[in-house]
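A note on names: the letters A, B, ... follow the listed sequences, proteins ahead of strands, and every chain is numbered from 1.
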Protein chains: 2
Amino acid sequence: MPLLPPGRPDRVDDVPTATLERLPVYLQVLAGLADQGIRTVSSTDLAEHSGVTSAKLRKDLSLLGSFGTRGVGYDVVYLHGCIADWLGVMQPLDVVVVGVGNLGQALASYQGLSGRGFRIIGLVDIDPSRVGQSLTCGDTTLRIRPLSDLVDVARHAQIGVIATPDSAAQSVCDRLVSAGVRSILTFAPSVLRVPAGVEVRRIDVGVELQILGFRERRQGSPAAWQPGAVSA
Amino acid sequence: MPLLPPGRPDRVDDVPTATLERLPVYLQVLAGLADQGIRTVSSTDLAEHSGVTSAKLRKDLSLLGSFGTRGVGYDVVYLHGCIADWLGVMQPLDVVVVGVGNLGQALASYQGLSGRGFRIIGLVDIDPSRVGQSLTCGDTTLRIRPLSDLVDVARHAQIGVIATPDSAAQSVCDRLVSAGVRSILTFAPSVLRVPAGVEVRRIDVGVELQILGFRERRQGSPAAWQPGAVSA
DNA sequence: TAGATTGTTAATCGATTAACAATC
DNA sequence: TAGATTGTTAATCGATTAACAATC
């Protein structure tokens, strides 16, 4: 069990957003290395596995503290524990998933959540044919609740996940907020309107594909397509 | 049909990554405004709907050209057309989806793709009980092909989507690359190793939740949890 | 000690912001 | 003209990078 060294800690505000968003990736990679029985890793190797430069990796870690040994590298298990501690993975957060279509079911069956400090405590759907069905989430089984139960269920959750069609997203979001949920992950393309203090992260497959697509078209067939060439 | 004004265009490299990643969002919001019959929008309003500042929005657009009218704002349909042109949405790209579990099915049934310049041309799965089944993707129906057909199918695709379990992701990725696919979207948590010239975007729900979770724990109950407090 | 690798610095680079002149 | 809003500038801010002293 890791113990943070008395180097840098606290002053959480000092961790830049860009660093915060990379920490879960390092955690991920370290867990994989530990599974393979690898005991020690250098910043160069860990960085390569994480898809970043070694300078960036060392800079990121240095913001949390000093976890390595010069001339040797990092102890995989120890570093994993330190980052997990820092991110607070040990204190599980409760998640409610709204919309139990294909996407919601994929989330419910996603194994990675419990090991990362999350626990799905509620599944909500508007479709009467789905309400009442049971779904296995990690180590427990949950009954799908009707939309009318949303606020009640959400009162016990810290995080809400919106996996409904786009048309329902804002309304679901409003109800989550009114139930006191202040962290929302949405898969609906709409930009949700929320009061200050509520944090939303949006995953939009269409956006990701368009970014890939732009670069693909650019390098793919430079002659075939140029910005502005397709007009009329 | 929009026609790009002779202002800034070409020199695509000049568009910063951060701007490129916001353009699809503006497109999205503009489409919604057009649906509502709104003809004109100011940078302030469009920015608010998109979740950015108006300065950022105007700066972004100014990198592509000059699409507005001072004192008036932007013509919704015209601006939408200009951005769509710029992103190359008019030239559809072919997508192969590997892994037709809940997540893959959610993608296949996602309506937003065809309108955004994408066409799913192949579904591939390793599970014999799924192979051969038909699935409706937008306006066509596709038969699920066995994994052994992956390379053949991928040869006709510009973009590959990996919706398999994590354990299969790297192997699928390798085959996509060997089939000539240079743009990959993956939902597997692993950081994929690809040769130079191949672009990968990774969507990891666990990472998103951990970022939300960190902030939630921080503001949620400051006394209950501090970085480094959970140790042993 | 010699070799290796961290943690940190300082310089560079890129993105955001506020403010305003241009102009509809 | 008067009011409004764009497009652009210049200043600020934050993130990345290369290099190296510290040190195992």
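When the C1' atom of C:dT5 is taken as reference, atom CZ of A:R58 falls 7 Å away, rounded to whole Å. Put simply, CG on A:L64 is 15 Å from P on C:dT6, counting in whole angstrom units. Going from atom CG of A:L63 over to atom P of D:dG14 covers 14 Å, rounded to whole Å. Rounded to an integer number of Å, the gap from CG of B:D45 to C1' of D:dT5 is 11 Å. If you take CG of A:D60 and P of C:dT8, they are 13 Å apart, rounded to a whole angstrom. Rounded to whole angstrom, the span from the CG atom of A:D75 across to the C1' atom of C:dT5 amounts to 15 Å. Rounding to whole angstrom units, CG of residue A:L61 and P of D:dT16 are separated by 14 Å. When the C1' atom of C:dT17 is taken as reference, atom CG of B:L57 falls 14 Å away, rounded to whole Å.
Remark on DNA chain D: of its neighbouring residues A:T19 and B:A55, the 5'-side contact belongs to B:A55, judged by nearest-heavy-atom nucleotide.
Note on B:S43: a side-chain N or O is less than 4.0 Å away from OP1 or OP2 of D:dT6. Taking side-chain N and O atoms only, B:S42 has no distance below 4.0 Å to OP1 or OP2 of D:dT5. Within the 4.0 Å cut-off from OP1 or OP2 of D:dT17, at least one side-chain nitrogen or oxygen of A:K56 is found. An OP1 or OP2 oxygen of D:dT6 is reached within less than 4.0 angstrom by no side-chain nitrogen or oxygen of B:T69. The phosphate of C:dT16 (OP1 or OP2) has a side-chain N or O of B:R22 nearer than 4.0 angstrom. Look at B:Y74 and you won't find any side-chain N or O under 4.0 angstrom from OP1 or OP2 of C:dC24.
In terms of heavy atoms, B:P189 sits closest to A:R116 at CB-NH2, 4.5 Å.
A:L192 CG to A:T186 OG1: the interatomic distance, rounded to the nearest 0.5 Å, is 4.5 Å. Here A:E21 contributes atom CD and A:R201 contributes atom CZ; the two are 4.5 Å apart, rounded to the nearest 0.5 Å.
Note on B:T17: only backbone sugar-phosphate atoms sit closer than 4.0 angstrom, heavy atoms only; bases stay farther off. At a threshold of 4.0 angstrom between heavy atoms, the contacts of A:T53 are confined to the sugar-phosphate backbone, with no base atom among them.
The nucleotide D:dC20 finds its pairing partner in C:dG7, both defining distances of the Watson-Crick or G-U wobble pair being shorter than 3.5 Å. Shown here, C:dT12 forms a base pair with D:dA15; the pair counts as Watson-Crick or G-U wobble because both key distances fall under 3.5 Å.
No N or O donor and acceptor, one from the side chain of A:R70 and one from the base of C:dT5, sit under 3.5 Å apart.
Judged by distance alone, the side chain of B:Q111 and the main-chain N or O of B:S109 form a donor-acceptor pair under 3.5 Å. With A:D60 contributing its side chain and A:T19 its backbone, the two residues share no donor-acceptor pair below 3.5 Å.
Closest to the side chain of A:K59, out of C:dT16, C:dT6, D:dT17, is D:dT17. For B:S62, counting side-chain heavy atoms from C-beta on, the closest listed nucleotide (D:dA15, D:dT8, D:dT6) is D:dT8.
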Discussion item. Please determine whether side-chain contact (heavy atoms from CB on, under 4.5 Å) holds for the pair B:F118 and A:L212, giving the CA-CA distance in whole Å, both sets of side-chain angles, and the decisive distance to 0.1 Å.
Written reply: CA-CA 11 Å; B:F118 301 98; A:L212 277 175; over 6 Å; no

